[in-house]
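We name chains A, B, ... by the order of the sequence lines, and we start the count at 1 in each one.
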Amino acid sequence: MDGQVETLDVDTSMRLLTDHHVGRLALNADGGPVVVPVNYVFDAGTILFRTDQGPKLKAAERREDAAFQIDHFDEAHRVGWSVLVRGRLAEVVDAGELGRLDTTAPDPFVHGDGKQHHVRLLPRVITGRRILFSSDVPAGWFRSAVQGTTVFSS
Amino acid sequence: MVRVVHVVDDQPYISVVNATLDDRTIVVRCSTGSRLATALARPDSPVLVEADHLDAETRTGWSVVVRGRMQAVLDGVETAHLDRTQPPSWLLGDTGGTWLRLTADEVTGRRVRPASAS
């Protein structure tokens, strides 16, 4: 039997965004798309993260469009979900807000000297879906598929 | 399970797909005629395939990004080979769908670990 995709309502999608803290941010940079892992919190209905000088900050200064995604797949129970947020980036510049964020914003996933800038992704669209695997898929094969990636180092 | 990043009208999108390896290329099976299949197979459109494992507790993990262009696999012998040799898609099962193949221009990987351990 084929698998199924169910749409998650926006409340469920936002609860998943609240409960998780690691996702992926995709930008359409000058040299083409880029995607990077980020540590975030879902704060005031936005994806909030820290960054330093680089493509993310540049995109925020230009208030460019970006996409942010989280997902989780449970091989044993053959289900998974993903949430996609599409919107516009904006750097936080308000002094009062920055003061509050210095104590509440997440540490960046990659520690460094910088990461002093706070950036929000202001959602335009939040979509979520739940995936029920096809019955043709043997439990656990995704793990073996990941292990199979050693073919790249051969 | 990987994510594909593509751009439509300057807007980036991230989608989760089943991807597997066929002779050092990445192949993806999409629903035929789906928006994703159409968008990914546009010849002028760069695509990223991303795989990662990130542990928020330990702040460790890795991510790999493959940059390239995708093409629909149209040759019957090739699609039969992929149908026969690739594991089932989580969505489409054993058969059906359109095969897309990524020709990689660049592969980058990084390991993430706490600053104190680096």
NZ/NE/NH1/NH2 to OD/OE distance under 4.0 Å, [X] and [Y]:
X: B:R101; Y: B:E78; result: yes
X: A:R100; Y: A:D94; result: no
X: A:D30; Y: A:R62; result: yes

Contact origin within B:V16 toward chain A - heavy atom pairs under 4.5 Å: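 B:V16 touches chain A through backbone and side-chain heavy atoms alike.
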
Atom group of B:D10 that falls short of 4.5 Å from chain A, counting heavy atoms: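 Both backbone and side chain.
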
Which atoms of A:R124 approach chain B - backbone, side chain, both or neither, heavy atom under 4.5 Å: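 The side chain, not the backbone.
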
Neighbour count above 12 (heavy atom, 6.0 Å) for B:Q11 CD: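 Result for CD/B:Q11: enclosed.
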
Mutual orientation of the aromatic rings belonging to A:Y40 and A:H21 [parallel < 30°, tilted 30-60°, perpendicular > 60°]: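 Rings of A:Y40 and A:H21: tilted, 30 to 60°.
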
Most chain A-contacting option - heavy-atom pairs closer than 4.5 Å, from B:V5, B:V47, B:V64: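 So the answer, after comparing B:V5, B:V47, B:V64, is B:V5.
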
Residue, of A:H20, A:R24, A:E64, A:R129, that accumulates the most heavy atom pairs under 4.5 Å with chain B: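 Highest number of pairs under 4.5 Å: A:R24.
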
